[in-house]
Amino acid sequence: MVDNPAGRAEARPSTSIESTERTEMHSSIGIDSKRRGDIVYFVAGERSGDNHGAALLKALRARAPTMQFLGRGGPRMRAIANGKFRDWIDETAVVGLWEVIRRYPFFRKQFQATISEIDAARPSAVVLIDYPGFNLRLAHALRGKFSELKIIYYISPQVWAWNRRRVLQMARSIDLMLCIFPFEPELYEESGLRAIFVGHPMTSVIPRENATPARSEGSGDETLKKTSPHPSSSLRSARDDNLIGLFPGSREREVKKIFPIMREAAAELGHENPDLGFAVSAASEPLAELIRADLYGKHATGKFFIVRGEARSLMAKVNVGMVASGTATLEAALSQLPFVLIYRVAWLTYVAARLVVKIKYLGMPNVLADREIVPEFIQHKAN
C-alpha cells in the first residue's frame, strides 16, 4: 500500500516454520492435536512476533483444525485465531528502559490480566513468542502457579548477547525452547533446557514475497502521480537506481527517534542528487500518520512517499536502504539489499544497555558474520 505524504539441544538443518520440519516441531512441543477442544494460549508483544506467530498458528491450524487459539498478539495472529484473541500490539510495542518504567502500571496490569486469562482458559500449553522483558517473567510466574502447564518459548531470547546466566533461570520455567539460529540450542544444553533449532521463518518467506510485486493502494491517485518522483509503478519493476528505502522501525518511540535522522540524511542526499526519491516504510497506519506529520512539519514532502505494510517487498525494489536495528536488518540482508544500520534510544537506555550487552555488534547480520559487513551508526554516531 503506497501513500504520498502530500496525500537438550539438537541442531537441525535450516528450514522455516512453514517447512516440512513443522511436523517434528509439533510433536516436540507435546501438543496432542488429536484431542478435540485442545486450547493453546499465545503471547506476542511486537509486530515481528505477530508475524512469526501468525505463521506458527497457520501451520498448527493446518495440522490440528479443531485446536483453539487464545491469547494476545497482533492483527495477523488474531485473524487466524478467530476467537477470544486480543490485538494489543499498538499498546505493548515499546522500546527502551525509560519507556517501560514510564508505563510500568500498564504493564503490571496486563501481566496480571494475562495470568488470569490463562488460569480461566486452562490451556494444554502456553507459547511465548519473543518479547523477553514480559514473557520471561510470565514464564516464571506461570511455572510457580501451574506446575503441570507446558510452557514453550518460540524465538529464543538473545541471552548470548546480554546475560548467559539467565539460561539457568529459564530452564526452571520453560519446557521447550524453539530457536531460529543454529548456534543457539547448544547454549541451553548444560542447563537441561530442551532446545530445538527450527530454522528462521524469513528464509522461506522472503524469497517468495520478493517475487511478488508490492501491493499498491491509490496507484491512480493524481496527487501521488504529481508529487512523487517515484510513484507506485516503480515498485513493480526491478531495483530502482534512484530510489532509497527508509525503514525506521515498527514502534512509535522508535520511529520518533530514528525517522528524523533518516529524513535529514535523505535530504542531504537529495541536495547532492536531485533525481533521488525516498520510500518510507510504515508498519501501520498510525506510524504512517506519525511519519507524515514529521514530513509536513519539515516541509519535506516532495521527494518522499510512504509505503504501508510492505517492508519486505519494498526491500526488493529500492537500491539501498537505511534500516533501524531489529528484525528488519536480517530481512534486508536476506533481501540482498545494501544498507546502513541506524539506531538511537534514550541515553538512560543506551547507558544501561552498554553495561550488560556483551557482543561487539548490534545488527544481526554483523553478529552472525562476526564482523561489520553492515555499517552501524548508533546513538551519537547517528547524526
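In this text the structure is predicted, and so the values were computed from the model without any measurement.
- Connection of Ile342 to Met315 is established within a shared hydrophobic cluster, with ILVMFWY side chains joined at heavy-atom distances below 4.5 Å, either directly or through further cluster members.
- In the hydrophobic cluster analysis, where Ile, Leu, Val, Met, Phe, Trp and Tyr join through side-chain heavy atoms closer than 4.5 angstrom, Leu295 is grouped together with Leu243.
- Judged as a salt bridge (Lys or Arg N to Asp or Glu O under 4.0 Å), and not counting sequence neighbours, the contacts of Asp119 are Arg122.
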Inset, instruction - Evaluate the side chain to side chain contact (heavy atoms under 4.5 Å, CB included) criterion for residues Glu117 and Tyr41: first the C-alpha distance (whole Å), next the side-chain angles of each, then the deciding distance (0.1 Å), finally the verdict. - result: CA-CA 9 Å; Glu117 289 172 8; Tyr41 191 100; 2.4 Å; yes

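- Checked against ring-ring contact (aromatic ring centres under 6.0 Å, His included), Tyr153 has no partners two or more places apart in sequence or in another chain.
- Residues Ile118 and Leu142 form a side-chain contact, since some pair of their non-hydrogen atoms from C-beta on lies under 4.5 Å apart.
- Both tests do not hold together for Arg108 against Phe111: distance to the six-membered ring centre under 6.0 Å, angle to the ring axis within 45°.
- Proximity of the aromatic rings of Phe69 and Phe42 is defined here by a centroid distance below 6.0 angstrom, and this criterion is met.
- Here the closest heavy-atom approach between residue Val374 and residue Pro365 is recorded as CG2-CB, 4.2 Å.
- Under the salt bridge (Lys or Arg N to Asp or Glu O under 4.0 Å) criterion, the residue pairs touching residues 79-88 are Arg86-Glu91, with sequence neighbours excluded.
- Considering CE of Met262 and CZ of Phe304, their distance stands at 11.5 Å, rounded to 0.5 Å.
- Applying the salt bridge (Lys or Arg N to Asp or Glu O under 4.0 Å) test to every pair with at least one member in residues 173-182, sequence neighbours left out, gives these pairs: Arg143-Asp175.
- Annotation: side chain of Ile39 is in contact with side chain of Leu70 (closest heavy-atom distance under 4.5 Å).
- A donor-acceptor contact closer than 3.5 angstrom links the side chains of Asn366 and Glu376.
- Side-chain atoms of Arg308 and Ser284 form no donor-acceptor pair, as typed in the model, at a separation below 3.5 Å.
- The closest donor-acceptor contact from the side chain of Trp88 to the backbone of Gln110 lies at 3.5 Å or more, if one exists at all.
- The only member of Met202, His200, His52 that meets side-chain contact (heavy atoms from CB on, under 4.5 Å) when paired with Ile180 is His200.
- Between Leu128 and Tyr154, the closest side-chain pair of non-hydrogen atoms is not below 4.5 Å.
- Across all non-hydrogen atoms, the minimal contact from Arg76 to Asp50 is N-OD2, 3.1 Å.
- Using a 4.5 Å cut-off on side-chain heavy atoms (C-beta onward), Ile196 and Leu176 make contact.
- The hydrophobic cluster containing Phe278 also contains Val255, counting ILVMFWY residues as joined when their side-chain heavy atoms lie under 4.5 angstrom apart, directly or transitively.
- Counting only heavy atoms from C-beta outward, the side chains of Ile261 and Phe377 never approach each other to under 4.5 Å.
- Between Arg263 and Asp294 there is a salt bridge, since a side-chain N of the basic residue sits under 4.0 Å from a carboxylate O of the acidic one.
- Residues Cys179 and Ala195 share a closest heavy-atom pair of SG-CB, 4.1 Å.
- Listed for the Glu272 side chain is no donor-acceptor partner under 3.5 Å among the backbone atoms of Leu269.
- One distance of note links CG of Asp38 with OG of Ser124; it measures 4.0 Å at 0.5 Å rounding.
- For the atom pair CD1 (Ile129) and CG (Leu57), the distance works out to 7.0 Å, reported to the nearest 0.5 Å.
- Applying the 6.0 Å contact sphere to CZ of Arg47 captures more than 12 heavy atoms from other residues, nucleotides or ligands.
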Legend entry - Residues Thr114, Arg72; criterion side chain to side chain donor-acceptor pair (under 3.5 Å); working and verdict: CA-CA 8 Å; Thr114 302; Arg72 294 163 174 249; 3.3 Å; yes

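- Using a 4.5 Å heavy-atom threshold, the side chains of Val280 and Val307 count as separate.
- Every residue two or more places apart in sequence or in another chain was checked for a ring-ring contact (aromatic ring centres under 6.0 Å, His included) with Phe259, and none qualifies.
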Inset, instruction - Show your working on side chain to side chain contact (heavy atoms under 4.5 Å, CB included) between Lys58 and Met77 and close with a plain yes or no. - result: CA-CA 9 Å; Lys58 182 179 179 181; Met77 294 177 71; over 6 Å; no

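- With values rounded to the nearest 0.5 angstrom, Ser48 atom OG is found 11.5 Å from Leu330 atom CG.
- In this structure, Ile89 is not a member of the same hydrophobic cluster as Leu290, with clusters built from ILVMFWY side-chain heavy atoms closer than 4.5 Å.
- At least one donor-acceptor pair under 3.5 Å links the side chain of Ser335 to the backbone N or O of Glu331.
- The shortest distance between side-chain heavy atoms of Tyr188 and Met170 falls below 4.5 Å.
- Residues satisfying the ring-ring contact (aromatic ring centres under 6.0 Å, His included) test with Tyr131, not counting sequence neighbours, are Phe134.
- In this structure a side-chain-to-backbone donor-acceptor pair under 3.5 Å is missing from Arg344 to Ile258.
- For Glu372 and Lys360, the salt-bridge test fails: no basic side-chain N is under 4.0 Å from an acidic carboxylate O.
- A donor-acceptor distance shorter than 3.5 angstrom exists from the side chain of Thr329 to the backbone of Gly326, with no hydrogens or angles considered.
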Inset, instruction - Step by step, work out the side chain to side chain contact (heavy atoms under 4.5 Å, CB included) result for Leu149 and Val126. - result: CA-CA 8 Å; Leu149 178 66; Val126 171; 3.6 Å; yes

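- Using a 4.5 Å cut-off on side-chain heavy atoms (C-beta onward), Val40 and Pro123 make no contact.
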